[in-house]
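Order of the sequence lines fixes the chain letters, A, B, ..., with proteins taken first and strands second; residue numbering starts at 1 for each chain. Please read these numbers as outputs of a predicted model, since none were measured by experiment.
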Protein chains: 2
Amino acid sequence: MRPSKKDELVRKALNVFYRHGFHASGMDLVAKETGVSKTAIYNHFRTKDDLILAVIKLRDEEFRAWMVSRIETYGETPEERLLAVFDAHAEWFAQKGFFGCLFIKACAEFQDPAHPVHQQSCAHQAQGIAYYRSLAVAAGFADPDEIARTIWFLAQGAIVAAVMAAIDNPAASARVAAAKMLACAERRSV
Amino acid sequence: MRPSKKDELVRKALNVFYRHGFHASGMDLVAKETGVSKTAIYNHFRTKDDLILAVIKLRDEEFRAWMVSRIETYGETPEERLLAVFDAHAEWFAQKGFFGCLFIKACAEFQDPAHPVHQQSCAHQAQGIAYYRSLAVAAGFADPDEIARTIWFLAQGAIVAAVMAAIDNPAASARVAAAKMLACAERRSV
DNA sequence: ACATAAATGTACAGATCGGTAACGAAAATC
DNA sequence: GATTTTCGTTACCGATCTGTACATTTATGT
């Protein structure tokens, strides 16, 4: 199987797991929805967990790249980009087929901290925080860690709200809060 | 079965589902862990979903009562209580056996918005926001909805962080952000 | 065109899933 | 103390689960 074909399989499997959940999606369903026979799938992935891990890794790469790209389009300066985070999230929430955060779901279904899927999902979140921190550093904030954590909390809260709460445009609401927070935050002394 | 016995069964089932997940916990496991035979369980709950729904409802009642109680202990005034939210969350995160938010997990596993478990979980979140809003109103903020949403976002973000992110004491960090936000927020004009 | 590799559908193994039937024991009710 | 309800145990049902075997067909590379 060509690498591109394998990617395509993983991407289609991602859709199945994303929509129906990991444990709720049987391999027969995955085979049907991806159009790849179960035999062929198991030729390339030893177990279902291996496939799920590949799904998580693909999503990690693609989603982070997409998110960074959108943030850098919405905002020019580092400080603008800290707020553009929420514009990008708003765009994400508005996409048809938005069903929440795959990584939060993955950790909800694979609770064992030793499970690779759990760890990979946590690693994804760490990268998000690290990116926000780099923006906060570039923007010259005195406490970039606190800034990054706050932006991240607000963004994750908005994600949860987008799935569970009857809040209109949670990303916009979180953006307002973030803007006020940034306006009050101290800059690094020269 | 006495109501108290039934409650006890639901409470023990809650522990099973909380620790292992809903789909990953078979009814045989539930029977074993609760000490109630599968037959007896099915005498009182028509299906597994019915039991799960009872679990969600029990958790909703108990957890909200606990959270409100802790918040009102940590804070005296409404404004203090908006920050005490994070003290209560910190206490929750520190409890042994903390495994994240059951309602977030429930929505992750029951994605269909028409599913009662999904709806009940969302209703729980709505009650949380409503409580924060009542505090914001009592504290005299000009825009209690925005205040409530921000507190809620930060709290939910802290919960996600407590499970997934390598952030030390996320509740304390969220509290700092919330305090700054409240300090800048406008009061209602008399 | 041919040899090789890989995909397919079907069928299956073994385990587990949600849920039930049957029956004796226990216990609450009258 | 007799009766009725509820309980646990055990075994089971059909469906579905992950994962595999196998023979056939389809791509692929030279």
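Between the C1' atom of D/dC7 and the NZ atom of B/Lys6 lies a distance of 15 Å, rounded to the nearest Å. Atom NZ in A/Lys38 sits about 12 Å away from atom C1' in D/dA21, given to the nearest Å. Atom pair A/Phe45:CZ and D/dT18:C1' shows a separation of 16 Å (rounding to whole Å applied). Between B/Leu51 atom CG and C/dC17 atom P the separation is 15 Å, expressed in whole Å. Atoms NE2 (A/His44) and P (D/dT20) sit 14 Å apart, rounded to a whole Å. Regarding A/Asp49, its CG atom lies at a distance of 13 Å from the C1' atom of D/dC17, rounded to whole Å. Atom CE of B/Met27 is separated from atom P of D/dA15 by 20 Å (rounded to the nearest Å). A/His20 places its NE2 atom 15 Å from the P atom of D/dT16, with the value rounded to the nearest Å.
Direction of the helix axis in the helix from C/dA1-D/dT30 to C/dC23-D/dG8 shifts by 20° between the two five-pair termini, rounded to 10°.
Using a cutoff of 4.0 Å between basic side-chain nitrogens and carboxylate oxygens, B/Arg81 and B/Glu76 are not scored as salt-bridged.
Disulfide status for B/Cys107 with B/Cys122: absent, SG atoms not under 2.5 Å apart.
OP1 or OP2 of C/dG19 sits under 4.0 Å from a side-chain N or O of B/Tyr42. Look at A/His23 and you won't find any side-chain N or O under 4.0 angstrom from OP1 or OP2 of D/dC17.
Place B/Asn43 and A/Asp28 on DNA chain D by their nearest nucleotides, and B/Asn43 ends up nearer the 5' end. Comparing A/Phe22 and B/Ser37 against DNA chain D, the residue whose closest nucleotide sits nearer the 5' end is B/Ser37.
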Cut-off 3.5 Å, no hydrogens considered: what does the side-chain donor-acceptor table look like for residues 147-161 of chain A, sequence neighbours left out?
from, atom 1, to, atom 2, distance (Å)
A/Arg149, NE, B/Ser173, OG, 2.6
A/Arg149, NH2, A/Glu146, OE1, 3.4
A/Thr150, OG1, A/Glu146, O, 2.8
A/Thr150, OG1, A/Glu146, OE2, 3.4

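With hydrogens and angles ignored, a donor-acceptor pair closer than 3.5 Å exists between the side chain of B/Thr39 and the base of D/dT9.
Of the candidate nucleotides C/dA7, D/dT18, D/dC7, C/dA7 has the atom nearest to the side chain of A/Ala40.
A cation-pi arrangement is absent between A/Lys105 and A/Phe17, since the terminal nitrogen or guanidinium carbon is not both under 6.0 Å from the aromatic centre and inside a 45° cone about the axis.
Note on residues 125-135 of chain A: pairs passing salt bridge (Lys or Arg N to Asp or Glu O under 4.0 Å), not counting sequence neighbours, are A/Arg133-A/Asp145.
Taking 4.5 Å as the limit, some side-chain heavy atom of B/Asp49 sits within range of a side-chain heavy atom of B/Phe110.
Using modelled atom types and a 3.5 Å distance limit, the side chains of A/Arg19 and B/Gln111 yield no donor-acceptor pair.
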